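Both counts, for ligands and for their atoms, begin at 1 and track the order of listing. Worth saying up front: this structure is predicted, and the values here are computed from it rather than measured.
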Amino acid sequence: MRDLVRETDLSPARLILPLFIREGNGVRLPIGSMPGHFQLSIDEMLKELRECLSLQLGGVLLFGIPDHKDAVGSDALSGEGIVAKAVRAAKAEVGNRLLVITDVCFCEYTDHGHCGVLRPFRPETGGNDKSRLDVDNDLTLENLVRQSLIHAGAGADMLAPSGMIDGMIGAIRRGLDREHFEHLPIMSYAAKYASAFYGPFREAAESAPRFGDRRSYQMDPTAGAAQAVREVRLDLEEGADIVMVKPALPYLDIIRLVHERFEEVPLAAYNVSGEYSMVKAAAAQGWLDEKATVLESLFSITRAGARIIITYWAKDVARWLQR
Ligand code: PBG
């Protein structure tokens, strides 16, 4: 009876698993703040992909952790960079049976940990005071296009720009179309808040900013909902195919709002690292039942209006749903 009247459905095909990829062989480095997750070398990633295939997940989202970081994030601009190699290996392994999505951003690749190229915040302050440095929006756009073409050339199935750089979707779309990747979809991190819930991810991806924070490009968590609608609308006008709200649980109202305003657009939600670590920590203490808590959370994200969920529990949930 309950199944007959069910309004909300969750299936493995809607879930995307984030993976952190680094150089090496046989590397499987545990991420302390995210029990059950690892930094993986490419050969270990392939094992994960086979598991994702057998669980019929919707896809994976790849984050690269390069050996070498510098001011511009050169590894991300090279066909021999970690993500380019990972995508080629992944597609050779899974073909068309699993969607391989790449995170398009620079914070994992730059030595300063910011999501783009830096320049003095105001020309008159000079470049010496690091607290006055800020991401140069338009120079970063050029690099985002170059990075996107690297991912596209390696065979990525979809690009997910996550830097909240103004104009990034339009610039990437035009760059892709110019090089005949007009079929390649873009999933935009459209409404991404400057959230405290990304803490564990920054350990996982070794991407914490060395100074300052990301508030000059990510959204203000205390500001309200209308600007999320504006961000989503802009990204859709610029050519986004799928839009995302991030984080998920503290922003269910934003998911709902975007769903209602843009009902015809596929909406994704990112159940982020902090949401994962909180439950893991409480479950390890015996304070929460992990499976029940996670399923309840993911159903609520679906009920709010997200069709696609990016979650570190993707494999677990697929198994739990099978039983
Ligand atoms: C930026 C990026 C971040 C996350 C996904 N892409 C970190 C940030 O904005 O600082 C966070 C994901 C998570 O917390 O799980 N490349």
Side-chain angles (χ1 to χ4, degrees), residues 15-22 31-39 59-66 69 73 75-76 81-83 101-117 135 140 143-144 147-148 151 156 158-165 168 172 186-221 231 242-251 268-281 294 297-298 301 306 308-314:
L15 304 178
I16 294 171
L17 179 69
L19 294 173
F20 302 99
I21 316 300
R22 64 177 311 142
I31 298 161
S33 57
M34 300 179 69
H37 277 270
F38 305 84
Q39 294 182 346
V60 291
L61 175 59
L62 302 186
F63 294 92
I65 307 159
K69 302 194 187 209
D75 190 86
I82 182 67
V83 163
I101 309 163
T102 55
D103 183 79
V104 177
C105 191
F106 282 99
C107 58
E108 301 107 86
Y109 304 93
T110 51
D111 51 11
H112 45 70
H114 279 283
C115 299
V117 195
V135 165
T140 299
N143 287 358
L144 283 170
Q147 184 184 24
S148 298
H151 294 186
M158 180 154 72
L159 306 186
S162 67
M164 289 296 283
I165 306 301
M168 65 181 183
I172 291 171
I186 299 176
M187 174 165 73
S188 176
Y189 287 64
K192 173 174 177 180
Y193 287 86
S195 172
F197 286 91
Y198 307 151
F201 172 94
R202 291 178 186 172
E203 181 197 330
E206 301 177 6
S207 68
R210 289 291 142 79
F211 51 85
D213 53 45
R214 303 209 203 292
R215 284 181 302 174
S216 69
Y217 36 104
Q218 299 181 355
M219 295 172 66
D220 179 355
E231 289 284 359
I242 298 176
V243 291
M244 189 200 301
V245 172
K246 179 184 173 195
L249 289 178
Y251 297 89
Y270 200 141
N271 178 222
V272 302
S273 58
E275 300 174 56
Y276 178 83
S277 302
M278 282 195 301
V279 175
K280 279 287 185 187
V294 171
S297 301
L298 295 201
I301 295 168
I308 301 157
I309 304 177
I310 302 164
T311 176
Y312 299 98
W313 279 292

N/O donor-acceptor pair under 3.5 Å between T140 side chain and V117 backbone: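 Present.
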To the nearest 0.5 Å, what is the distance between [atom1] on [X] and [atom2] on [Y]?
X    : Y    : atom1 : atom2 : result
M187 : M244 : CE    : CE    : 4.0 Å
L249 : I301 : CG    : CD1   : 4.5 Å
C107 : Y198 : SG    : OH    : 11.0 Å

Options E203, H114, E108, ranked by nearest heavy atom to atom 16 (N) of ligand 1, top entry: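 Among E203, H114, E108, the closest heavy atom to atom 16 (N) of ligand 1 belongs to E108.
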Passing candidate, side chain to side chain contact (heavy atoms under 4.5 Å, CB included) with S273, options S195, P200, P247: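 For S273, the side chain to side chain contact (heavy atoms under 4.5 Å, CB included) test succeeds with only one of S195, P200, P247, which is P200.
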Can you sort out which atoms of ligand 1 are near [X], meaning under 4.0 Å from one of its heavy atoms?
X    : result
Y312 : 12 (C), 13 (C), 15 (O)
C105 : 1 (C), 16 (N)
Q218 : 8 (C), 9 (O)
K246 : 2 (C), 3 (C), 4 (C), 5 (C), 6 (N), 11 (C), 12 (C)
S162 : 1 (C), 2 (C), 6 (N), 16 (N)
K192 : 1 (C), 2 (C), 3 (C), 6 (N), 8 (C), 9 (O)
Y270 : 12 (C), 15 (O)
C107 : 1 (C), 16 (N)

Please work out whether the ring planes of [X] and [Y] are parallel, tilted or perpendicular, with thresholds of 30° and 60°.
X    : Y    : result
F201 : F63  : perpendicular
W313 : Y276 : tilted
Y312 : F20  : parallel

Identify the closest protein heavy atom to atom 14 (O) of ligand 1: which residue and atom is it, and at what distance?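 The closest one turns out to be S273 OG, 2.7 Å.
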Would you say F63 touches ligand 1, if touching means a heavy atom closer than 4.0 Å?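 A heavy atom of F63 does come that close to ligand 1.
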